[in-house]
Amino acid sequence: MWKIVQCAVQGRGHMQMGIPCQDKTCFLVRNGVTVIALADGAGSARLSHFGAERVTQFVCDDLCENFDRYFDVEDGSLVKKALVSKILVTLDELGGKLDCEIGELASTLLFVAVKDERFILAHIGDGVIGYQKKDELRVASLPENGEFANTTVFTTSREAVATMKLIKGKTGEIRGFVLMSDGTEASLYNKKEKRLAGVIKRIMNHCLLILPEKVEEQLRAGFEAAVREATGDDCSMILMVEDREPFQGYSNLAPAEKARLLSLPVFIRPRRLRRYDVILHSLESGRTLRELARILRLKPKYTKKYLKRLAKINYIERRGNKYYTIVIMNT
């Protein structure tokens, strides 16, 4: 089972100019296939946000229907031609409805589709596709630039088929995939070292421990507060993480596992670990600082230290004057 979180925020430049967010993400689970997709609409194309949205929806639907057919074709160029041809037909139909030229719907495209132990990923234009194998983040596909500096390739470009990257393989020890637009690259990808930021691994880990909607709330807050401040462009990311050994909840973990998730020493004193247990359980229904201090029989200033640590690793959140647990306690 794959868990998915996504986020797309309007860039500072687009906010100032009244231009809608041109980054779009989409996912679909059907016929035993899980697909995630991301598209960054061309800034020079007036209706690219519509094209980006439509192309992500299309590839999710198409891969869910034709995964086996694409995977079994040995000649990758045939798959590329088929995909781009279908995309152009889809965008042409949309152009008819919007009364615009197909070039006005241009966008990049990144997607990953997984079925059983097999995957297909494809990439047109800029942005980055990464994955986590065992405990290591790696880059699967780098940005594709256009003929001139500061340009890229789009789904409607003549060189879309020629520059499209298509990779098929077995998931094996791959634990997760991530797609990001070029706006997000500025914060979460080191171009010089061709390396993904370690925070992506932490987000993937949280996908297994925290409800997806809570991870998305945290992700959006992080993007709005920090990621888009590093660029004037829209910023987006979508990732999928495999829950191979379904998380049974914090309450069912052994002490050593609890300590690891809390970023505490494995040989932490049992009494201190029990305090974290009590806090997380108590906050399932929400508590104020003073209420929790009474439960722990600690002074509020000492209780606050525990709360700060849990908030730092995103296991609790504050709503008004109460704190709540957001980590999955039991399943």
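If you're wondering where the values come from, they're calculated on a predicted model, not measured in any experiment.
One finds a salt bridge joining Lys214 and Glu317 here, because a Lys/Arg side-chain nitrogen approaches an Asp/Glu carboxylate oxygen to under 4.0 Å. With respect to Arg30 and Glu65, a salt bridge is recorded, a charged nitrogen being found less than 4.0 Å from a carboxylate O. The pair Glu117-Lys170 fails the salt-bridge criterion, with no side-chain N (NZ, NE, NH1 or NH2) lying under 4.0 Å from an Asp/Glu carboxylate O. Between Arg12 and Asp233 no salt bridge is recorded (no basic side-chain N to carboxylate O distance below 4.0 Å). Ion pair Arg220/Glu224 flagged as a salt bridge, since at least one NZ, NE, NH1 or NH2 atom sits closer than 4.0 Å to an Asp/Glu carboxylate oxygen. The pair Arg175-Glu242 does not meet the salt-bridge criterion, since no charged nitrogen lies less than 4.0 angstrom from a carboxylate oxygen. For the pair Glu136 and Lys133, the salt-bridge criterion is not met [side-chain N within less than 4.0 Å of a carboxylate O].
Between Leu121 atom CG and Lys165 atom NZ the span is 10.0 Å, to the nearest 0.5 Å. From Lys86, atom NZ reaches atom CG of Asp62 across 4.0 Å, with rounding to the nearest 0.5 Å. Atom SG of Cys207 is separated from atom CG of Leu239 by 5.0 Å, given to the nearest 0.5 angstrom. To the nearest 0.5 Å, atoms CD1 (Ile326) and CG (Leu283) are separated by 11.0 Å. Between atom CD of residue Gln132 and atom CD1 of residue Ile203 there is a gap of 11.5 Å, rounded to the nearest 0.5 Å. Rounding to the nearest 0.5 Å gives a distance of 10.5 Å between CG of Leu219 and CD1 of Ile238.
Note on Phe58: it clusters hydrophobically with Val79, by side-chain heavy-atom contacts below 4.5 Å among ILVMFWY residues. One hydrophobic cluster, built from ILVMFWY side chains closer than 4.5 Å, holds both Tyr276 and Ile313.
For Glu284 (side chain) and Thr325 (main-chain N/O), no donor-acceptor pair under 3.5 Å exists by modelled atom type. Ser157 places no side-chain N or O within 3.5 Å of a backbone atom of Val153 that could act as its donor or acceptor partner.
No donor-acceptor contact under 3.5 angstrom links the side chains of Gln22 and Asp40, judged on distance only. Between the side chains of Thr288 and Asn321, no donor N or O sits under 3.5 Å from an acceptor N or O.
Counting all heavy atoms, side chain and backbone alike, Phe177 lies closest to Tyr131 at CD2-CB, 3.8 Å. Across all their heavy atoms, Leu273 and Leu264 have their closest contact at CD1-CD1, 4.5 Å.
In this structure, Tyr250 has its ring center at least 6.0 angstrom away from the ring center of His281.
Figure legend: cation-pi geometry between Arg287 and Tyr323 absent, as NZ or CZ is not positioned both under 6.0 Å from the six-membered ring centre and within 45° of its axis. Cation-pi geometry between Arg228 and Phe223 is not satisfied (NZ or CZ under 6.0 Å from the ring centre, within 45° of the ring normal).
Partner of Val84 under the side-chain contact (heavy atoms from CB on, under 4.5 Å) criterion, out of Ile124, Thr156, Thr155: Ile124 alone.
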